[in-house]
Each structure stands twice: as structure tokens, then as C-alpha cells.
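Inspection log for the structure reproduced underneath, given as C-alpha cells.
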Amino acid sequence: MTDCIFCKIVAGDIPARKVYEDDDVLVFHDIKPAADVHLLLIPKVHVESLAHCDDGHAQVLSRLMLLAPKLAAEHGLEKGFKTAINTGVGGGQEVFHLHVHVYGNR
Ligand code: AMP
Ligand code: ZN
């Protein structure tokens with residue numbers, strides 16, 4: 001998946017403002033933030049979209065969801081935040097590596 005920009009970020013081939021990383025998940029700031037805080041939570045494994053996930057992705061999907069409120073709070077969004085997962089061209093997806101947007105204003 002050498003053409004995937006988020007795989008390149010995972011591989012360290014292009015820079016990103018990383019905020020969290022473990023064996024399965026990487027989180028970094030969106031390059032064009034839509035709010036004071038705008039994080040992208042991604043699985044390190046390449047999967048095109050939510051529509052391409054299967055039971056084998058259940059654990060990493062769970063990790064992404066459970067990380068969202070923790071990282072939001074750590075970035076000053078204790079009062080609340082928005083999440084979005086755009087899926088497919090019709091869903092406004094532009095980068096075809098699954099990602100969860102977490103964003104909000106302080
Ligand atoms: P989506 O429309 O859900 O596919 O959103 C893709 C998001 O990725 C957009 O909000 C972009 O600003 C963001 N993005 C694209 N390239 C980069 C990059 N190199 N580093 C960080 N965020 C990026
Ligand atoms: Zn990828």
C-alpha cells in the first residue's frame with residue numbers, strides 16, 4: 001500500500017504531528033484542522049474504510065472508539081467533542097485508509 005498517505009505516516013516516510021501510538025493504533029493532528037483540536041485516529045494496518053472491515057478488525061475498532069474520549073480530554077475537550085468516520089466517496093472520504101476524526105473547540 002505504498003500509495004496510501006496514512007500508511008506512509010505509519011511507516012515514518014512522511015511527517016505528522018503524532019499524539020499517540022501503540023502497536024495497533026496511531027493518532028496525529030489533522031493537517032487542515034476543522035476546529036481548535038482535530039485528531040485523526042487510525043489503525044496501523046491498512047484497511048480502506050469502515051465498509052472494508054470484518055470481524056478481524058473488531059479489536060482495533062474498539063481500541064479507536066475507546067481512545068477517542070481519552071485523547072479528547074487530554075487535548076482540552078472535556079466538555080465534549082465530535083467524531084466522524086467518512087466512508088466511501090459518497091460519504092465524503094478523501095483518504096482511503098480508515099480514520100476516525102475527533103474534533104472540537106476548547
Ligand atoms: P476524510 O475526508 O474523512 O477522508 O478526511 C481526510 C482527512 O485527512 C482530512 O481532514 C485531511 O485534512 C487529512 N489529511 C490529509 N493528509 C494529511 C496528512 N498528511 N497529515 C494529516 N492529515 C491529513
Ligand atoms: Zn493505508
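Numbering of ligands and ligand atoms starts at 1, following listing order.
When each atom of ligand 1 is checked for a heavy atom of Phe28 under 4.0 Å away, the hits are 21 (C). The contact set between ligand 1 and Asn86, taken as ligand atoms under 4.0 Å from a residue heavy atom, comprises 1 (P), 2 (O), 3 (O). In the vicinity of His101, heavy-atom distances shorter than 4.0 Å reach the ligand 1 atoms 1 (P), 3 (O), 5 (O), 7 (C), 10 (O). Annotation for ligand 1: atoms under 4.0 Å from non-hydrogen atoms of Lys32 are 12 (O). Residue Glu94 has at least one heavy-atom neighbour below 4.0 Å for each of these atoms of ligand 1: 1 (P), 2 (O), 4 (O).
Where the criterion is an N or O separation shorter than 3.5 Å, residue side chain and backbone included, Ile14 fails it with respect to ligand 1. For ligand 1, the polar-atom distance check finds no N/O of Gln93 at less than 3.5 Å from any of the ligand's N/O atoms. Where the criterion is an N or O separation shorter than 3.5 Å, residue side chain and backbone included, Leu40 fails it with respect to ligand 1. Polar contact check, His38 against ligand 1: no nitrogen or oxygen pair lies under 3.5 Å apart. Residue contacts with ligand 1: Ile31 is placed with a nitrogen or oxygen under 3.5 Å of a nitrogen or oxygen of the ligand (distance criterion only).
Residue His29 places a heavy atom less than 4.0 Å from ligand 1. Proximity of Gly92 to ligand 1 is established by a heavy-atom distance of less than 4.0 Å.
Put simply, the angle at the Zn ion (ligand 2) from SG in Cys4 to ND1 in His46 is close to 110°, to the nearest 10°.
Note that CZ of Phe28 and CD1 of Ile9 are 4.0 Å apart. Values are rounded to the nearest 0.5 Å.
Only the side chain of Phe6 comes within 4.0 Å of ligand 1, counting heavy atoms alone; its backbone N, CA, C and O stay farther away.
Within a 6.0 Å sphere centred on CD of Gln59, heavy atoms belonging to other residues, nucleotides or ligands number 12 at most.
Two residues are said to be in side-chain contact when any heavy atoms from C-beta on lie closer than 4.5 Å; Val100 and Met65 meet this criterion. At least one side-chain heavy atom of Leu39 sits under 4.5 Å from a side-chain heavy atom of Val19. Residues Asp22 and Arg63 are in side-chain contact: their nearest non-hydrogen atoms beyond the backbone lie under 4.5 Å apart.
The closest heavy-atom contact to atom 12 (O) of ligand 1, among the options Asp30, Ile85, Leu39, Val100, comes from Asp30.
Relative ring orientation between His38 and His101 is described as tilted, the plane-to-plane angle lying within the 30° to 60° band.
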